Amino acid sequence: MNVLAQADTLPISEPEIWWFALSPLLTLVGGALLLMVVGALTPQWPRGLYAFVSAMIGGAAGVLAIFNWDDISDNGPATLVGGALAFDTFAMWSTIVISGAVVLVSMLADEYIRDTPNDGPEIYALLLVAAAGGIVMASANDLIVLFLGLETLSLAFYVLAASNRRSDASAESGLKYFLLGGFASAFFLYGIALVYGATGSTNIGEMVTSLANRGDSGNDVLALAGIALLLVGLGFKIAAAPFHVWTPDVYQGAPTPITAFMASAGKAAAFGALIRVLISGLPSFRDDWQPIIWVLAVASLVVGSFLAVVQRNVKRMLAYSSVSHAGFILVGVEAAAHTAGEADGGMGISSVQLYLLLYSVIVIGSFGVVALVAREADADLSVFDGLAKRKPLLAGAFTIFLLAQAGVPFTTGFIAKFGVIQAGVDAESYGLAIIAMVTAVIAAFVYLRIMVAMWQKDVEDDAPAITVPVSAAIAIGFAAVFTLVAGLYPSLLIDWSDAITLVR
Amino acid sequence: MLELVWLIPAFPLFGFLTLLLAGRKLGEPFAGLFATAMVGASFVVSALIYFDLLGMDEAERSHTETLFSWVPVGDLQIDMAFLVDPLSIVMCLFVTGIGALIHLYSIGYMHGDPKFSKFFLYLNLFILSMTLLVLGSNLLVTFLGWEGVGTCSYFLIAFWHTKDANATAGKKAFVTNRIGDFGFMLAMFLAFGAVGSLDYAVINDSALAGTLTVATATGIGALLFVGAVGKSAQLPLYVWLPDAMAGPTPVSALIHAATMVTAGVYLMVRVNPVLGAAADWVPTTIAWVGALTALFAATIALAQNDIKKVLAYSTVSQLGYMFLAVGTGAYVAAIFHMITHAMFKALLFLGSGSVIHGMHDEQDMRKMGKLFKLMPITASTFIIGWLAIAGVPPFAGFWSKDEILLFAAADSWVLYAIGIVTAILTAFYMTRQVIMTFFGKAHWHDNADDHEAQGDFKPHESPPFMVLPLIVLAGLSIVGGLVQLPSVGIIPSEWQHKLLDWLHPIVEFGPSAEERGIGEAIIVGTTADDLQIPLMFVAIGCALLGIVVGWLVYQKRKIKAFEPELLRDGWHYDDAISWFMGNPGRAAFQEIADEDQKVIDGAVNGVATVVRVSAGEARKGQTGYVRQYAGVIGIGVVLLLGWFVVIRGIL
C-alpha cells in the first residue's frame with residue numbers, strides 16, 4: 001500500500017517539458033518530417049541516401065535513448081509531460097529495440113524498393129513515424145496517450161503493408177490489416193472509456209490509486225468489462241491467438257522488409273503497451289486477468305507451432321512462428337503477473353524485454369534473408385531448395401536464425417526462451433512452462449524443414465539469380481553475428497535487462 | 001594436468017574448424033589423417049589425465065574446471081565447466097580411443113569419395129559433442145553435447161542415403177530424439193526448481209543428503225530416463241536407430257553403436273543417487289524397459305538379411321542389457337558392458353563394413369557366403385567379435401553380461417529369465433550371421449553382374465587402414481573382461497573388480513553405501529549370490545546352446561530355418577508408427593489448418609452478420625476472409641467479456 005501511495009507524490013502537477021528525455025521521439029518524428037519535406041523539395045536523391053538517412057536517424061534515437069538510460073540509472077525514473085509518458089528504463093529499452101529495428105530494416109529495405117515505383121522518402125518516413133508511435137505505446141503512462149501511439153503505429157503500418165503498388169497481395173494485406181485493425185482499435189477505445197468510467201482517470205498512476213481505494217463499490221463490473229476490451233485490442237497487436245488471425249495474411253502480403261519491421265518493432269511496442277496497462281495500471285485486478293494471459297499464452301503457443309508445421313510458404317511459416325513466439329513472451333508476462341504491483345517484481349518483465357530484443361534481431365535477419373531469396377517470387381518453400389549451394393553464406397546466416405528461433409543452445413534464441421521459462425518456473429507456473437517447451441519441440445520441426453530444403457535439396461535450374469546488396473549483407477551479417485555472440489556471452493545483456501523497472 | 005581437461009574437446013574443435021575452413025584444400029588423405037590426429041591427441045590427453053587420477057587419493061579424484069560463466073540468470077548460475085572424475089575419464093578414454101580407430105578406418109573406407117573431407121568434419125564435430133556430453137559438470141553442458149551428437153547423427157544419416165530414405169530416416173531420428181530431449185529439458189527445469197542448480201554435484205549431494213523429496217527425485221529420474229530412452233533407442237523410441245544404421249556408412253553406424261547411444265546409459269549412471277532416492281517404480285521400470293527391449297530387438301535380429309541391420313538390432317538389444325543393469329542397481333556392470341560392447345560391437349561393425357567394401361557395396365547376407373578364405377583377417381577378427389557378443393568365455397562380452405545377469409537374478413528371476421533367453425537368441429543370430437557371411441555356400445558368383453564387376457568378380461580383403469583397427473579391436477575384445485573380473489575363487493583377488501574399485505566413489509557413495517556395501521556386496525545373501533558359479537555355467541551353456549542350434553540350422557541344415565515375415569518386418573512396429581504419422585497424424589494437423597482457414601466459417605456465420613456491419617459492406621469480394629477473421633476476433637471478444645464480466649464480475 002505504501003508503494004501505491006507514493007504514486008500520489010510523483011511530480012505530475014507541473015506541466016514542464018523535459019526536452020532531452022523526449023529526444024529519441026523528437027528525433028524520429030523530426031527525421032520523418034525532414035525526409036518528407038526535403039525529399040519533396042529536392043528532385044531525386046542519390047541512390048540509397050533515403051535509407052541511409054533513415055538508418056542514421058534510427059541510430060541517433062537509439063544512442064539518445066542510451067544516454068537517457070544512464071540518466072535514469074543515476075536519478076531514478078520519472079514521468080514526463082504532465083504524467084503522460086513514463087521515463088523509465090523499461091521505456092528506454094523499448095526505444096532501443098525499436099530504433100535498432102529501424103536501422104536494420106532501413107538497410108534491408110534500401111535495395112528491395114530501389115528501382116521500383118515505391119522508391120522515395122515515403123517508406124522511410126513512415127517507418128520513422130511508426131517507430132515513434134511504437135515508442136509512445138511502450139512509454140505511455142496514460143491510456144489516451146497509449147491509444148494515440150497505437151494509432152500512429154497502426155496507420156503507418158497499414159500504409160506500409162500496402163506499399164508495394166505493383167502487388168495485389170500487398171494491397172490486400174494492407175486492406176485486411178486496416179479493416180481488422182480498425183475493428184480491434186474500436187474495442188480498445190471502448191475499453192478505455194469503460195475503465196475511465198470505473199476509475200475516473202485515464203492516467204495509469206491515478207488509475208492505480210483510484211482502484212486501490214475503491215473499496216467494495218459496484219464499479220468492478222464496469223472496470224472488468226473495460227479490461228476485457230483493452231485485452232482484445234492489445235491481444236490483436238501482439239498477435240496472440242485467437243486474435244492472431246490477421247498475422248499470416250498480412251505478413252505474407254506485405255513487402256518482406258516491412259514484415260520484418262512489424263514482427264520486431266510492432267511486437268516490442270505492443271508488448272510494452274500490454275505490460276504498461278496490465279502490470280503497471282491494473283495490478284489490483286491481476287487475479288482477474290492473469291488467467292486470460294495464461295489462456296492466450298497457451299492458445300498462441302499451440303496454434304502458432306501446430307499451424308506453422310503445415311504451411312508451404314516460408315513467410316506464412318514465420319508468421320505462425322511469430323505467433324508462437326508471442327506465446328513464449330506471454331509466458332514471461334504471466335510470470336510477471338504473479339508479482340504485479342509488488343515491490344519485488346520478479347524476473348518476468350526483464351525476461352520479456354530481453355526476449356523482445358533478441359527476437360527482434362533474429363526475426364529481422366530471417367525476413368531479411370527471405371526478402372533476398374524470394375524477392376520476385378512467392379516465398380514458397382521450394383524457392384529455398386539448394387540455397388546452400390547457391391549462396392552458402394546466406395544459407396548459413398538463415399540457418400543461424402532458424403536455429404535461434406528453435407531455441408538451440410549457444411544462440412540468443414536459447415537465452416530468450418530460457419529467460420521466460422526460467423521466470424515462469426520461478427513464479428511456479430510449471431504447467432505453462434511445460435506447455436511452452438512441448439510446443440517449442442513441435443515448432444522446431446518447421447525450422448528443420450526450411451534447413452533441409454536449403455542444405456539437402458537440389459537447386460531448380462530455372463531459379464532466378466540472387467543478388468546480395470551490400471547494405472542488406474551488412475544488416476544480415478550483423479544480425480547473425482549478434483545472434484551467435486550474444487548467445488555465447490549473454491551475461492552483459494542479461495545484466496542490463498535486470499535493471500529494467502517500471503515507473504510507479 | 002587436470003586443469004588441461006579442456007584440451008580434450010579443444011582438439012576435435014580445432015580439427016572441426018580447420019576442416020571447415022580448409023578441408024577441401026587438405027583433400028585426401030590429409031584431411032583424414034589430420035582429423036585422426038586431433039582425436040588421437042584427445043585420447044593422449046585423456047590417458048594422461050587418467051594416469052594423473054590414478055596417482056591420487058580416492059577422495060581427491062574429482063575436479064571441476066570452469067571455463068566461463070555461461071548463463072547467469074537471477075539465482076541461476078550455469079558455468080561452462082568440465083568435471084574430471086573417474087567416470088568421465090573412463091568415458092573419454094573409450095570415446096576418443098575408439099573414435100580415433102574409427103577415424104583411421106574411415107581413411108580407408110572413404111577412399112575416393114568426393115565428400116571425403118566433409119565426412120571427417122562431421123566426425124570431428126561428433127567427437128567434440130560427445131566429449132562435451134561426458135565432461136559437462138552440469139546438465140546444461142551435457143545437454144549441449146546431447147543436442148550436438150543428435151545433430152551430427154542427423155548429418156551422417158543423410159550423408160550417403162538416397163533422397164527418400166534419407167528424408168524418412170532423418171525425420172524419424174529427429175522426432176524420436178526430440179521426444180527424448182523434451183524429457184531431458186523438463187528434468188533440467190525440475191532439478192533447478194528443486195535444488196536451484198543444474199550441477200551434478202549439487203543434485204547428487206542433495207539426493208544423498210535426503211533433501212530432495214521422493215516426488216522430485218522420482219520426477220527427475222523418470223524424465224531423464226525418458227531422455228535416455230530416446231537417445232539410447234529403447235522401447236518404444238528405438239525406431240530411428242536401425243534406420244540410421246542401415247545406411248551405407250558403417251562408420252556412422254559405428255559411432256551410433258559404440259558411443260552416442262551409450263549417452264543415455266552414461267546419464268543414468270551419472271545421476272544414480274537421484275535414481276536411488278526416487279520411488280521404487282523408477283528403477284523397476286528402467287529394468288523392465290531394458291529387459292523387454294533386449295528381448296524384443298533380439299527376436300527381430302533373428303530374421304534380418306541385411307548384414308548391418310542384424311548388428312543394428314543387436315545394438316538395441318545390448319543397450320537393453322545396460323538399462324537392465326541400471327535398473328537393478330548394477331551401475332558398474334552397466335558401464336562395464338558399455339565398454340566391452342563398444343569394443344566388440346565396433347569390431348563387428350567395422351568388420352561388416354570391411355565385408356561390404358570387399359563385396360562392392362553389397363549388404364545382403366544371402367548374397368555372401370564362404371568369404372573366410374578370401375577375407376581371412378576380416379573373418380577371423382569378426383569371429384572373435386562373434387564369440388565375444390555370444391558370451392563365450394574368456395572373451396569380453398561374457399564377463400559383462402554375466403555380471404548383469406547376476407544382478408538381474410538377485411532382483412527378480414523373471415528379469416533373469418528374459419535376460420537368459422535373450423542371451424540364447426543373441427548367440428543364435430550371431431552364429432547365423434557368421435555362417436551366412438563367411439561359411440556355407442558362396443552366393444556371390446550369381447550376383448557378379450549386380451556389381452558391374454569387370455571380368456571376374458571376387459571379394460577381396462580390405463586395405464591396411466581398415467584392417468589395422470580390426471586387429472586392435474579384436475585384441476581388446478579378447479582381453480576386455482580383465483577390467484572387471486567377478487569374485488570367484490579361482491581368480492586372484494587383486495585381479496577382481498578393477499572397474500568397481502576405480503568407479504565406486506562415483507557409483508556407490510555417500511553414507512548409505514557404507515551400510516549396504518559396494519559392488520557385489522549389495523546382493524550378498526540373496527539366492528543369486530549363493531548360486532553365482534552355477535549361474536555362470538548356465539550362461540555358458542546358453543551361449544553354447546545358441547551357437548550349436550545356429551550351426552545345426554544354417555551350416556548343417558538339420559533344422560529348418562525359422563524366419564517369419566513378422567520378425568523380418570520388426571513386428572510391424574515401425575510400419576504402424578509410419579502409418580500413424582503419415583495418415584491420421586498428418587490428417588489431424590491438416591484438419592486443424594483447414595479449421596483455421598475455412599471451416600470456422602460455419603460457426604462464425606451468426607457473428608459475421610454483426611461483423612459485416614462494422615466492417616462495412618464495401619469490400620465484399622476482398623473480405624471473404626476478413627469477415628471470418630473478424631468473426632474469430634468477435635468470438636474472442638465474447639469469451640473475454642464472458643470471463644471478465646460474468647464469471648469474475650457478477651458471479
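What you see is a predicted model; the values in this text were computed from it and never measured. Just so you know, these numbers use all the heavy atoms, side chains as well, and skip hydrogens, waters and symmetry mates. Letters go in sequence order (proteins before strands), and every chain restarts at 1.
- Other residues, nucleotides and ligands contribute more than 12 heavy atoms inside 6.0 Å of the OH atom of A:Tyr158.
- Of the listed residues (A:Ile421, A:Ile227, A:Leu296, A:Val452), the one with the most heavy-atom contacts under 4.5 Å to chain B is A:Ile421.
- Note that the CZ atom of B:Phe119 and the OG atom of B:Ser117 stand 11.5 Å from one another [nearest 0.5 Å].
- Proximity to chain B involves both the backbone and the side chain of A:Phe410, based on heavy atoms less than 4.5 angstrom apart.
- Rounding to the nearest 0.5 Å places OH of A:Tyr355 at 14.5 Å from OG of A:Ser497.
- Every residue two or more places apart in sequence or in another chain was checked for a salt bridge (Lys or Arg N to Asp or Glu O under 4.0 Å) with A:Asp385, and none qualifies.
- Annotation for B:Leu133 and B:Ala263: closest pair CD1-CB, 3.7 Å, computed over non-hydrogen atoms.
- Of all residues in residues 431-440 of chain A, those placing a non-hydrogen atom less than 4.5 angstrom from a non-hydrogen atom of chain B are A:Ile434, A:Met437, A:Val438.
- Counting heavy-atom pairs under 4.5 Å between each of A:Ala225, A:Ala228, A:Pro242, A:Ala184 and chain B puts A:Ala228 at the top.
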**Request:** Decide yes or no on side chain to side chain contact (heavy atoms under 4.5 Å, CB included) for B:Phe143 and B:Glu147, but give the supporting numbers first.
**Result:** CA-CA 6 Å; B:Phe143 186 64; B:Glu147 290 288 292; 3.7 Å; yes

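- Every residue meeting the ring pair (Phe, Tyr, Trp, His ring centres under 6.0 Å) condition with A:Tyr489, not counting sequence neighbours, appears here in chain and number order: B:Phe68.
- Interface residue A:Val425: only side-chain heavy atoms are found under 4.5 Å from chain B.
- Contacts between A:Trp455 and chain B at a heavy-atom distance below 4.5 Å are absent for every atom of the residue.
- For residues 223-237 of chain A, the set of pairs meeting the side-chain hydrogen bond (donor to acceptor under 3.5 Å, both in side chains) definition, not counting sequence neighbours, comprises A:Ser154-A:Lys237, A:Tyr177-A:Lys237.
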